[in-house]
Amino acid sequence: MKRTLDRRQFVKTAALTGAALSLPTNLLAAGKKAVLVFTKSSGFEHDVVKTVSGKPSILENAITTLGQKHGFDVTATKDGRVFDSPDFHKYAAVLFFTTGDLTTAGTDKNPPMSVEGKQKFLNAIGSGMGFIGIHAASDTFHTPPDTEDNANRYVAHGEKSDPYLRMLGGEFITHGSTPRLQDTKLIVNDPKFPGLEGVKSPVTFNDEWYSLKDFRTDLHVILTLDTHGMTGEPYQRAPYPMTWARMEGKGRVFYTAIGDRPENWAEPFFLNLLGGGISWCIGNGNASLTRNLTQAAPGYAEIPPKPKKKG
């Protein structure tokens, strides 16, 4: 079951003081775990999270279908005030497909998270709420200053990275542009992870491939991007993690950088992986969390060269 939480619902459910928000109680079905899908775009807005004529986005429809298959409810919103709601803590997990500094209205002009709401969200993960990050979730809350030339993204910040990125396990640097999309191979490092049963390594797949950095050393790497033969400066580096799981305190964290192409939201390989990741995050599945970063991607710390200046 999917329920979309829009701005009008927030206004109706705001406390009289205007300071607190409460989700309608019927949004959380009794006895059934629920996932909050958050798709605010303070930076670039991807096609898969756009709502057209009030209809659910590609992502919302896909996650709703996965919920029906795996037995969880879905509530979708772009309103950052949800994290100040007392009912926010009733969710088993929160899923991000987001961009930019979510404490600003930014590109889509939807209400931002408050600074306090961001901390409440991070505290909730550490206390046991699950987190699922998809694609541009790593293009969110860049370590400041995030200048127009993106120069700071090519610096390894380690423990000084934004707390959100530390929780996530890595940060987006850039992606290819000529071509933007390309076929490459994904090395399956954990074929027993939920949703990957029976999948043979490597998997050839087409998407917009993120080049990432500042990987947490406690990652359990699930998929690694094989950069050999790839075109473009972002991939002039050793293979690096593309999908992983880790623990943030008591919270289960799953991230996959796949998910840019609208067509991939109908691909069984991607949907099975995502369904398995969500199920694990809400406690409906088990997985090994052996730390395998150095085994799966020995050159994980490499950072690709900066783009050459034109002229």
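Worth knowing before you read on, the calculation uses all heavy atoms, side chains too, and leaves out hydrogens, waters and symmetry mates. Heads up: numbering here begins at 1 and tracks the sequence.
Every residue two or more places apart in sequence or in another chain that forms a salt bridge (charged side-chain N to carboxylate O under 4.0 Å, His left out) with D47 is listed here: K50. Under the side-chain contact (heavy atoms from CB on, under 4.5 Å) criterion, T107 pairs with no residue at all, not counting sequence neighbours. With sequence neighbours excluded, no residue forms a ring-ring contact (aromatic ring centres under 6.0 Å, His included) with Y300. Under the ring-ring contact (aromatic ring centres under 6.0 Å, His included) criterion, H46 pairs with F44, F97, H135, sequence neighbours left out. The ring-ring contact (aromatic ring centres under 6.0 Å, His included) search around F172 returns Y210, not counting sequence neighbours. Under the rule for a side-chain contact (heavy atoms from CB on, under 4.5 Å), the partners of S41 that lie at least two apart in sequence or sit in another chain are E45, V49, T99, D108. Legend: residues meeting salt bridge (charged side-chain N to carboxylate O under 4.0 Å, His left out) with R261, ordered by chain and number and at least two apart, are E263. With sequence neighbours excluded, the residues satisfying side-chain contact (heavy atoms from CB on, under 4.5 Å) with N286 are R252.
Across F121, Y255, F141, F254, a single residue satisfies ring-ring contact (aromatic ring centres under 6.0 Å, His included) together with F96, and that is F121. Here the rule is side chain to side chain contact (heavy atoms under 4.5 Å, CB included) with V94, and of T75, I132, V35, L36 only L36 fits it. Considering N152, D162, D214 in turn, N152 is the only one that fulfils the side-chain hydrogen bond (donor to acceptor under 3.5 Å, both in side chains) rule with H157.
Transitive grouping of hydrophobic side chains (ILVMFWY, heavy atoms separated by less than 4.5 Å) keeps L219 and I187 in distinct clusters. Note on F270: it clusters hydrophobically with V203, by side-chain heavy-atom contacts below 4.5 Å among ILVMFWY residues. When hydrophobic clusters are built by joining Ile, Leu, Val, Met, Phe, Trp and Tyr residues whose side-chain heavy atoms come closer than 4.5 Å, directly or via intermediates, I134 is grouped together with F269.
Between the side chains of T77 and D79, no donor N or O sits under 3.5 Å from an acceptor N or O. A donor and an acceptor atom, one from each side chain of D183 and N206, are located under 3.5 Å apart. One side chain, T39 or K78, offers a donor N or O that lies under 3.5 Å from an acceptor on the other.
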Go through the steps for W280 and L289 under the test side-chain contact (heavy atoms from CB on, under 4.5 Å), then give the verdict. CA-CA 11 Å; W280 175 74; L289 282 192; 3.7 Å; yes
Apply side-chain contact (heavy atoms from CB on, under 4.5 Å) to the pair M242 and Y240, showing each step before the final yes or no. CA-CA 7 Å; M242 189 58 37; Y240 56 91; 3.6 Å; yes
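Using a 4.0 Å cut-off between charged nitrogen and carboxylate oxygen, R81 and D84 do not count as a salt-bridge pair. Using a 4.0 Å cut-off between charged side-chain N and carboxylate O, D139 and R153 make a salt bridge.
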Got a list of side-chain donor-acceptor pairs under 3.5 Å for residues 228-235, not counting sequence neighbours?
from: H228; atom 1: ND1; to: D226; atom 2: OD1; distance (Å): 2.7
from: Y235; atom 1: OH; to: G176; atom 2: N; distance (Å): 2.9
from: Y235; atom 1: OH; to: W209; atom 2: O; distance (Å): 2.7

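Judged purely by atom type and a 3.5 angstrom limit, S201 uses its side chain to pair as donor or acceptor with the backbone of V188. In terms of modelled atom types and a separation under 3.5 Å, the side chain of S57 and the main chain of T51 share no donor-acceptor contact. Checking side-chain atoms of T227 against main-chain N and O of R237 turns up a donor-acceptor pair under 3.5 Å. No donor-acceptor pair under 3.5 Å is formed between the side chain of S53 and the backbone N or O of K55. Under a 3.5 Å cut-off, the side chain of S42 and the backbone N or O of D101 do form a donor-acceptor pair. W244 places a side-chain N or O within 3.5 Å of a backbone atom of L168 that can act as its donor or acceptor partner. Judged by distance alone, the side chain of R216 and the main-chain N or O of R166 form a donor-acceptor pair under 3.5 Å. Put simply, the side chain of K32 never gets that close to the backbone of D73: no donor and acceptor are under 3.5 Å apart. No side-chain donor-acceptor contact under 3.5 Å links H142 to the backbone of N150.
Contact check for L186 versus T243: no side-chain heavy atoms found under the 4.5 Å cut-off. Using a 4.5 Å heavy-atom threshold, the side chains of L225 and F205 count as separate. Residues P304 and S211 are in side-chain contact: their nearest non-hydrogen atoms beyond the backbone lie under 4.5 Å apart. Looking at Q295 and T290, their side chains never come closer than 4.5 Å, going by heavy atoms from C-beta outward. Counting heavy atoms from C-beta outward, H70 and N284 have side chains that stay 4.5 Å or more apart. A heavy-atom distance below 4.5 Å is found between the side chains of D260 and L181.
Of all non-hydrogen atoms in G130 and I125, the two that sit nearest each other are O-CD1, 3.7 Å. Of all non-hydrogen atoms in A137 and G133, the two that sit nearest each other are CB-CA, 3.7 Å. Taking every heavy atom of both residues into account, E248 and V253 meet most closely at CB-CG2, 3.9 Å. Smallest separation of non-hydrogen atoms from T103 and S114: CG2-O, 4.1 Å. Scanning all heavy atoms of the two residues, the minimum distance from A105 to P112 falls at N-CB, 3.9 Å.
Pairs engaging residues 186-209 under the salt bridge (Lys or Arg N to Asp or Glu O under 4.0 Å) rule: R180-E208 [sequence neighbours left out].
Residues F83 and F38 place their aromatic rings such that the two centres sit under 6.0 Å apart.
Here V155 sits alone; no ILVMFWY side chain lies under 4.5 Å from its own, so it joins no hydrophobic cluster. By the 4.5 Å side-chain criterion applied to Ile, Leu, Val, Met, Phe, Trp and Tyr, I173 is assigned to a cluster that also includes Y154, I303.
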